[in-house]
Amino acid sequence: MAVDPLASDLTAWFRENARDLPWREPGIGAWAVLVSEFMLQQTPVNRVIPHWESWLRRWPTPASLASDPPAEAVSQWANLGYPRRALWLHRAAEEITARHGGVVPRRVDDLLALTGIGDYTARAVAVFAYGERHPVVDTNIRRVLARIIDGKSQPGAPSRRDLDAMAALLPEDRADAALFNAATMELGATICTARKPRCDACPVAKRCAWRAAGFPDTGDRRPRQATYEGSDRQVRGLVLRGLREAAPAPLPAQALAPDWPDQMQRDRAIDSLIADGLIELEDGIACLPRGRRSLVEVSAAP
DNA sequence: AAGTCGTGGTT
DNA sequence: TAACCAAGACT
């Protein structure tokens with residue numbers, strides 16, 4: 001069966017225009033790819049790169065990460081945002097070590113069973129790390145498909161139709177299939193962007209239903225984010241930042257976001273961080289999870 | 001299944 | 001400048 005012309009145009013474009021991102025280096029391991037996918041969840045590429053490099057330098061294998069306490073992962077995560085991803089990545093490393101002998105699994109089902117890995121990440125790792133043949137759908141790909149195929153400016157909710165659409169376009173050859181997934185994602189990230197698409201540079205503009213229809217605004221925006229200023233998220237961020245910067249030393253609870261105007265809200269934030277396993281609180285002393293040095297360790301120090 | 005979860009850059 | 005956006009996952 002011949003490769004779909006849309007797929008072949010996109011992969012041809014990708015071969016010439018792919019950004020050389022570090023996790024795309026040939027021979028990069030599955031663990032490195034997995035770490036990149038965790039960090040890239042809702043975080044821009046340019047912010048991820050330096051963190052990805054230092055993370056892998058410190059923890060080159062799942063087992064090496066699993067052998068350190070989660071507190072170290074949360075600290076190392078620094079200001080990447082959504083810090084529970086650090087916790088989940090640490091837990092995934094433990095699971096990989098325990099269930100898979102320290103080797104990142106290759107099957108989508110096994111990947112899906114790991115903490116913090118959902119439908120996108122499982123497929124991304126299987127495809128980009130192992131060259132398995134699956135359709136991958138992220139927000140970029142959803143947007144590209146919505147525009148090219150459905151003629152909409154914005155995609156609706158994630159649907160299994162996107163997965164089916166990618167599956168229908170997927171080249172038979174595994175390597176080509178992986179390239180096509182990466183190419184579609186790359187187009188969405190660099191050309192067919194949410195805000196100002198650069199249709200002049202798009203290799204498949206001729207095939208775009210949205211363009212053919214005159215770029216109709218289909219409304220259908222994503223729900224707007226709540227104001228960050230004064231939000232629970234902001235307090236949580238401040239509390240965690242304080243603990244990170246103090247680590248490995250613990251802090252008295254009063255020293256967490258001490259200037260926050262709303263005491264009740266601050267206390268709720270602390271409780272929610274405890275519930276999430278991001279911090280621990282004992283006798284009014286707070287620390288990162290299992291971050292306090294044991295008495296043995298402290299007394300053994302010179 | 002809609003809400004929630006950080007942080008920083010861009011418009 | 002306030003709003004928008006960024007390789008999602010979990011509950």
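Here the structure is a predicted model, which means the values were calculated and not measured.
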Touch class at under 4.0 angstrom, heavy-atom based, for A/Gly81 against every strand present: base

Phosphate OP1/OP2 of C/dA6: any A/Arg142 side-chain N/O under 4.0 Å: no

Sugar-phosphate, base or nothing in reach of A/Thr121, heavy atoms under 4.0 Å: sugar-phosphate

Residue whose closest nucleotide on DNA chain B lies nearer the 5' end, A/Arg195 versus A/Leu80: A/Leu80

A/Tyr228 OH to C/dA3 C1', straight-line distance once rounded to whole Å: 16 Å

Any A/Val239 side-chain heavy atom under 4.5 Å of A/Arg236 side chain: no

Electrostatic pair A/Arg24:A/Asp20 at N-O distance under 4.0 angstrom: no

Atom pair CG (A/Leu179) and CZ (A/Arg15), whose distance is rounded to the nearest 0.5 Å: 5.0 Å

side-chain N/O A/Gln42 vs C/dA6 OP1/OP2, d < 4.0 Å: no

Atom pair distance, as rounded to whole Å: CG in A/Leu89 and P in C/dG8: 16 Å

Sugar-phosphate only, base, or nothing, as touched by A/Arg268 at under 4.0 Å among non-hydrogen atoms: nothing

A/Arg198 CZ - B/dT11 P separation (whole Å): 12 Å

Check: A/Trp210 and A/Pro197 side chains under 4.5 Å, non-hydrogen atoms: yes

Nearest-Å distance for atom pair NZ/C1', residues A/Lys196 and C/dC4: 14 Å

Distance test, side-chain N/O of A/Thr139 to OP1/OP2 of C/dA7, below 4.0 Å: yes

Side chain of A/Tyr82 (C-beta onward), nearest among B/dC5, B/dT7, C/dA7: B/dC5

d(CG, A/Leu240; C1', B/dT4) in whole Å: 16 Å

Sugar-phosphate only, base, or nothing, as touched by A/Arg47 at under 4.0 Å among non-hydrogen atoms: base

Short side-chain N/O contact from A/Arg143 to OP1 or OP2 of C/dA6, under 4.0 Å: yes

Presence of A/Asn79 side-chain N/O under 4.0 Å of B/dG6 phosphate oxygens OP1/OP2: no

Touch class at under 4.0 angstrom, heavy-atom based, for A/Ala124 against every strand present: nothing

5'-most by nearest nucleotide on DNA chain C - A/Ile117 or A/Asn140: A/Asn140

Sugar-phosphate only, base, or nothing, as touched by A/Leu87 at under 4.0 Å among non-hydrogen atoms: nothing

Spacing between A/Gln225 atom CD and B/dG9 atom P, to the nearest angstrom: 16 Å

Distance, rounded to the nearest Å, where A/Leu111 contributes CG and C/dA9 contributes P: 11 Å

Distance, nearest 0.5 Å, that separates CH2 of A/Trp23 from CG of A/Leu34: 13.5 Å

Sugar-phosphate, base or nothing in reach of A/Trp23, heavy atoms under 4.0 Å: base

Under-3.5 Å donor-acceptor pair between A/Arg233 side chain and B/dG6 base: yes

Spacing of the P atoms in B/dG3 and C/dA7 (rounded, Å): 23 Å

Sub-4.5 Å side-chain heavy-atom contact between A/Arg198 and A/Thr193: no

Selection from C/dC10, C/dA7, B/dG6 that lies nearest to any side-chain heavy atom of A/Pro83: B/dG6

Sugar-phosphate only, base, or nothing, as touched by A/Asp276 at under 4.0 Å among non-hydrogen atoms: nothing

Under-3.5 Å donor-acceptor pair between A/Thr43 side chain and B/dG8 base: no

Cluster link A/Tyr228 to A/Leu240, ILVMFWY, side chain under 4.5 Å: no

Spacing of A/Glu37 atom CD relative to C/dG8 atom P, expressed in whole Å: 9 Å

